[in-house]
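As structure tokens, the structure follows; a few thoughts come after it.
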Amino acid sequence: MLNRIVKAKYKTMETSLISQEELLLEFENKINAEQKIEPLDWMPDEYRNHLIRQMSQHAHSEVIGMQPEGNWITRAPSLRSKKILLAKIQDEGGHGLYLYSAAETLGVSRDQYIQWLHEGKAKYASVFNYPALTWADMGAIGWLVDGAAITNQVSLQRTSYGPYSRAMVRICKEESFHQRQGYEIMWKMMEGTKDQQEMAQDALNRWWWPALMMFGPHDSDSPRTSNAMKWKIKRETNDHLRQKFINKTIPQAELIGLKIPDSNVVKLSDENYQTSDINWDEFWKVVNGNGPCNEQRLAHHIKYHNEGAWVRESASISNPK
Ligand code: FAQ
């Protein structure tokens, strides 16, 4: 598959300037007509590179995102909650695999993507650089982090690149379970003792802002948005998606007696909630590698990736006849 893509890419490089223009026109017509761009179709290098970056970062987020919750598997309070958490974390690993496979159709190998992650050249969602301190954090992560992820991913189901769009359809089906399992944990704790209620509120206090940061910088400070919207890679902007998430999450918090950790929340006449602004210094600090757990998350991934080398080697040995 990779060879075919590379050949297709180099074939396009041999074509004349005129035919490059025609190819670009055909590409733009497809995008405008809401047709999907497929791996063997011609695409501008900027489009390919944009997808290589975004899809691989998305894949890394799914896999690194297993770590905060993985920390609680052995300490889940019941067999039921342990089984659900295990299945949920396994789903996230699966999402990473769909996304790495989809990203490989762009002509870059999975080994290369992992190498960029380990070298610090590729990012992953900032939210996973915060620690999961109590069981209530399992509720907050499912409810808020998966809730934010799904708000973005529902929109990405309509992305212009075929393999990314199809991966999103499958991922969204699973993410909606994850959001509900997290909300169920929070709801149960709010029905419980005073200590449990305080634990749930504390988890919301710590995860609310990192969840809002997942949507990225304001549109006016987002250098990637313009091309992403032009090429229909992103279908809605960072701020638009963040507002959607805020609007649906605040009533969910109020329903179970939780208080949003922001004294400036106001419901406006247009039904949108107005909130305080995000602490962008903190956001960029975490994005640039200086959050509470950045070092730990990457070191953990590198350690277990290296320890798993024998599994990859064994799996790649062809079956002797
Ligand atoms: N964290 O110009 P923009 C999940 C970077 S999946 C880290 O706005 P763009 C499931 C950005 O990369 C969660 N970096 O960029 C789960 C860019 O840097 P670059 C992941 C961030 O691409 C749940 C720079 O800042 N979802 O959670 C962040 O247009 C529970 C400028 O930003 C996706 O990845 C951030 N929050 O918009 C798993 C969705 N925000 O690359 C386990 C797909 C921005 O130029 C447990 N991705 N940056 O060096 C996207 O929709 C977009 O890439 C955004 C950023 C919205 C993340």
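Using a 4.5 Å heavy-atom threshold, the side chains of Y100 and M55 count as separate. At least one side-chain heavy atom of L51 sits less than 4.5 Å from a side-chain heavy atom of I233.
Under 3.5 Å, the side chains of Q67 and N71 contain no donor-acceptor pair of N or O atoms. No side-chain donor from either of E28 and N32 sits under 3.5 Å from a side-chain acceptor of the other. Looking only at atom types and distance, the side chain of W208 has no donor-acceptor partner in the side chain of D262 under 3.5 Å away. Between the side chains of Q153 and Q157, not a single donor N or O lies within less than 3.5 Å of an accepting N or O. Looking only at atom types and distance, the side chain of R170 has a donor-acceptor partner in the side chain of Y98 under 3.5 Å away. With no hydrogens or angles considered, no side-chain donor-acceptor pair links T159 and K232 at under 3.5 Å.
Within the 3.5 Å criterion, the main-chain N or O of L241 finds no donor-acceptor partner in the side chain of E236. Here the side chain of T249 pairs no donor or acceptor atom with the backbone of I246 at under 3.5 angstrom. Side chain of T151 to main chain of G147: a donor-acceptor pair is present (N/O by atom type, distance under 3.5 Å, no hydrogens or angles).
For K267, the side chain to side chain donor-acceptor pair (under 3.5 Å) partners two or more places apart in sequence, or in a different chain, are E271. In this view, Y113 and W116 satisfy the ring pair (Phe, Tyr, Trp, His ring centres under 6.0 Å) rule, not counting sequence neighbours. Looking at residues two or more places apart in sequence or on another chain, you find no salt bridge (Lys or Arg N to Asp or Glu O under 4.0 Å) involving E295. In terms of the salt bridge (Lys or Arg N to Asp or Glu O under 4.0 Å) criterion, residue partners of D239 (sequence neighbours excluded) are, by chain and number, R242. A search for salt bridge (Lys or Arg N to Asp or Glu O under 4.0 Å) contacts involving D41 returns K30, not counting sequence neighbours. Applying the salt bridge (Lys or Arg N to Asp or Glu O under 4.0 Å) criterion to R297, with sequence neighbours excluded, gives no partner residue.
Clustering of Ile, Leu, Val, Met, Phe, Trp and Tyr side chains at separations under 4.5 Å places V311 together with W310. In the hydrophobic clustering, where aliphatic and aromatic side chains (Ile, Leu, Val, Met, Phe, Trp, Tyr) are joined below 4.5 Å either directly or transitively, I150 groups with V154. Hydrophobic cluster membership for V266: L268 (Ile, Leu, Val, Met, Phe, Trp, Tyr linked by side-chain heavy atoms under 4.5 Å, directly or transitively).
Ring to ring, Y124 and H58 are not that close: their centroids are 6.0 angstrom or more apart.
A salt bridge is absent between E254 and K259; no separation between the charged side-chain nitrogens and carboxylate oxygens falls under 4.0 Å. The pair D281-K285 fails the salt-bridge criterion, with no side-chain N (NZ, NE, NH1 or NH2) lying under 4.0 Å from an Asp/Glu carboxylate O. Comment: K82 does not engage E69 in a salt bridge, judged by the lack of any side-chain N to carboxylate O separation of less than 4.0 angstrom.
Between F245 and F215, the two ring planes are tilted [angle within 30° to 60°].
Applying the ring-ring contact (aromatic ring centres under 6.0 Å, His included) definition to pairs two or more places apart or across chains, those involving residues 247-295 are H218-W280, W280-F283. A ring-ring contact (aromatic ring centres under 6.0 Å, His included) check over residues 285-307, counting only residues at least two apart or in different chains, returns the pairs H118-H301, H118-H305, H300-Y304. Listed by first and then second residue, the ring-ring contact (aromatic ring centres under 6.0 Å, His included) pairs involving residues 168-194 are H95-H178, W143-Y183 (not counting sequence neighbours).
Taking CE of M66 as the reference point, atom NZ of K88 lies at 10.0 Å (rounded to 0.5 Å). N294 contributes atom CG, which lies 9.0 Å from atom CG of N288 (distance to the nearest 0.5 angstrom). L144 CG to L212 CG: the interatomic distance, rounded to the nearest 0.5 Å, is 8.5 Å.
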Report task. Given side-chain hydrogen bond (donor to acceptor under 3.5 Å, both in side chains), test D219 with T237 step by step and report yes or no. Result -> CA-CA 7 Å; D219 298 348; T237 67; 2.7 Å; yes
Requested in this report: Might you work through the side-chain hydrogen bond (donor to acceptor under 3.5 Å, both in side chains) test for W72 and D137, ending with a clear yes or no?
Outcome: CA-CA 9 Å; W72 279 90; D137 289 25; 6.0 Å; no
